[in-house]
Colleague: 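Just passing along the structure, written as structure tokens.
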Number of protein chains: 2
Amino acid sequence: MSPVSFFKCLADDTRLHCVLLLQHKGELCVCDLVDAIGESQPKVSRHLAQLRECGILLTRREGQWMYYRLNPQLPAWAAAVIGQAAEGNSVYLKPALVRLGKSESQASCCD
Amino acid sequence: MSPVSFFKCLADDTRLHCVLLLQHKGELCVCDLVDAIGESQPKVSRHLAQLRECGILLTRREGQWMYYRLNPQLPAWAAAVIGQAAEGNSVYLKPALVRLGKSESQASCCD
DNA sequence: TGTGTATATATGTTTTTTCGTATATGGTGG
DNA sequence: CCACCATATACGAAAAAACATATATACACA
């Protein structure tokens, strides 16, 4: 993966939220991400597909639900970039994390 | 600077080359960058202006020449991202570094 | 002041990206 | 098989980014 296409993947609000939330939470299903980010399901799904196609995310199906996670085989520099971005932008990420916490404390979309 | 706009700045070949070359060399004038990257002067100049406007680069004028460098006051996470990107992509950067070395060994554009 | 060099910007066009909406796919349970 | 849910994709429209080319600015030096 070229560095430019990697950075292109992070250069969108929806995609960056997905990546940073997954870096934080380990694994999430699409409905969790839709709730946390507050965008339409097709929009989130399209961006997730893009992140998977370029190798940043992996998926696992469980029944009706599709779980996304960071690809553990990312080049070290790319994983480090994601880690730094997550560390340095907790303020940017916080609202989505709060929404994620709320939907987890209640009956979640994927229980 | 929002993380998304920061990553947008790195999500272009010309801009990423500029940033990584400057990370490597400390300070370069526009003509050095034009030679190293092999793109037209207006194109490089436009991208440099964009990097300066978003706070990633600073400039210093010396006579006819304009020298660019990384902004030392970048947020720590952003500086770390640039560092990681430079470390992990020496292959991507190498051709430009070679061209830079050649033009430096000869009479340079800005001597 | 006038010429030459380095760099910046303006303009119109083309390409790329993103989007909303509609629809398709794939699995679950009746 | 059917109705339902979660997710994915297709498609045309709209918005954003990048481009080539021409021109402007700023400085140096005669």
Side-chain angles (χ1 to χ4, degrees), chain A residues 2 4-19 21-22 27-54 56-69 100 103-104 106-111, chain B residues 2 4-19 21-22 27-54 56-69 100 103-104 106-111:
Chain A
S2 85
V4 170
S5 54
F6 174 71
F7 285 125
K8 268 192 216 288
C9 282
L10 303 185
D12 172 274
D13 239 306
T14 303
R15 290 194 299 270
L16 187 60
H17 271 108
C18 289
V19 168
L21 286 170
L22 289 168
E27 196 180 51
L28 292 167
C29 70
V30 177
C31 54
D32 285 332
L33 289 164
V34 167
D35 290 349
I37 297 172
E39 300 280 356
S40 73
Q41 178 272 321
K43 178 168 172 179
V44 172
S45 191
R46 192 156 15 87
H47 285 294
L48 286 170
Q50 192 177 337
L51 289 165
R52 185 188 41 193
E53 280 155 25
C54 82
I56 294 180
L57 301 185
L58 298 181
T59 57
R60 171 177 72 88
R61 179 179 279 284
E62 186 171 324
Q64 311 168 256
W65 297 285
M66 188 68 81
Y67 286 89
Y68 283 81
R69 64 186 187 283
L100 195 55
S103 70
E104 275 176 351
Q106 302 169 358
S108 175
C109 52
C110 50
D111 288 327
Chain B
S2 85
V4 169
S5 54
F6 174 72
F7 285 125
K8 268 193 218 286
C9 283
L10 303 185
D12 172 273
D13 240 306
T14 304
R15 289 194 300 270
L16 187 60
H17 270 108
C18 289
V19 168
L21 286 169
L22 289 168
E27 195 179 53
L28 292 167
C29 71
V30 177
C31 53
D32 286 331
L33 289 164
V34 168
D35 290 349
I37 297 173
E39 300 280 358
S40 73
Q41 178 272 320
K43 179 169 171 178
V44 172
S45 191
R46 191 160 15 86
H47 285 295
L48 286 170
Q50 193 177 335
L51 289 165
R52 184 188 41 193
E53 281 155 23
C54 82
I56 294 179
L57 301 185
L58 297 181
T59 58
R60 172 177 71 87
R61 179 179 280 283
E62 186 171 322
Q64 309 169 258
W65 296 285
M66 189 67 80
Y67 286 90
Y68 283 80
R69 63 186 187 283
L100 195 55
S103 71
E104 274 177 350
Q106 302 168 357
S108 175
C109 53
C110 49
D111 287 329

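Chain naming here is simple, since letters A, B, ... match the order of the sequence lines and numbering starts at 1 in each.
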Colleague: Indicate yes or no: at least one non-hydrogen side-chain atom of A/L100 is less than 4.5 angstrom from one of A/D35.
Modeller: no
Colleague: Quick one: closest heavy-atom pair of B/L16 and B/L10, and the distance?
Modeller: CB-O, 3.7 Å
Colleague: Please figure out whether B/P42 or B/Q50 has its closest DNA chain D nucleotide nearer the 5' end.
Modeller: B/Q50
Colleague: Would you mind reading off the distance between A/L33 atom CG and D/dA8 atom C1', rounded to a whole angstrom?
Modeller: 15 Å
Colleague: Quick check on DNA chain C: between A/G63 and B/K43, whose nearest nucleotide comes earlier from the 5' end?
Modeller: B/K43
Colleague: Donor-acceptor check, side chain of B/R52 to backbone of B/H47, threshold 3.5 angstrom: yes or no?
Modeller: no
Colleague: Nearest-Å distance, CD (B/E39) to C1' (C/dT7)?
Modeller: 17 Å
Colleague: Is there a donor on the side chain of A/Q64 or the base of C/dT28 sitting less than 3.5 Å from an acceptor on the other?
Modeller: no
Colleague: How many Å lie between CD on A/E53 and C1' on D/dT7, as a whole number?
Modeller: 14 Å
Colleague: Closest nucleotide of DNA chain D for A/L48 versus for B/E62: which of these residues is on the 5' side?
Modeller: A/L48
Colleague: Within this structure, what is the CZ-to-C1' distance between A/R46 and C/dA22, rounded to whole angstrom?
Modeller: 13 Å
Colleague: Please classify the nucleic acid contact of A/Y68 as base, sugar-phosphate, or nothing, using heavy-atom distances under 4.0 Å.
Modeller: sugar-phosphate
Colleague: What about A/Q41, does its side chain sit under 3.5 Å from the base of D/dA6 through a donor-acceptor pair?
Modeller: no
Colleague: Minimum heavy-atom separation for B/C18 and B/V44, please, with both atom names.
Modeller: SG-CG1, 4.4 Å
Colleague: Would you say B/R61 places a side-chain N or O within less than 4.0 Å of OP1 or OP2 belonging to C/dA6?
Modeller: no
Colleague: To the nearest Å, how far apart are B/D13 CG and C/dT16 P?
Modeller: 13 Å
Colleague: C/dA8, C/dT17, D/dA10: which one has an atom nearest the side-chain heavy atoms of A/K8?
Modeller: C/dT17
Colleague: Over how many whole Å does the gap from A/L28 atom CG to D/dT7 atom P extend?
Modeller: 11 Å
Colleague: Would you say B/H47 places a side-chain N or O within less than 4.0 Å of OP1 or OP2 belonging to D/dA17?
Modeller: no
Colleague: How close or far is atom P of C/dT18 from atom CG of A/D12, stated in whole angstroms?
Modeller: 5 Å
Colleague: I want to verify a distance call: between D/dA22, C/dC19, D/dT7, whose nearest atom is closest to the A/V30 side chain?
Modeller: D/dT7
Colleague: Do the non-hydrogen side-chain atoms of A/R60 and A/E27 ever get within less than 4.5 Å of each other?
Modeller: yes
Colleague: Within this structure, what is the CH2-to-P distance between B/W65 and D/dC27, rounded to whole angstrom?
Modeller: 13 Å
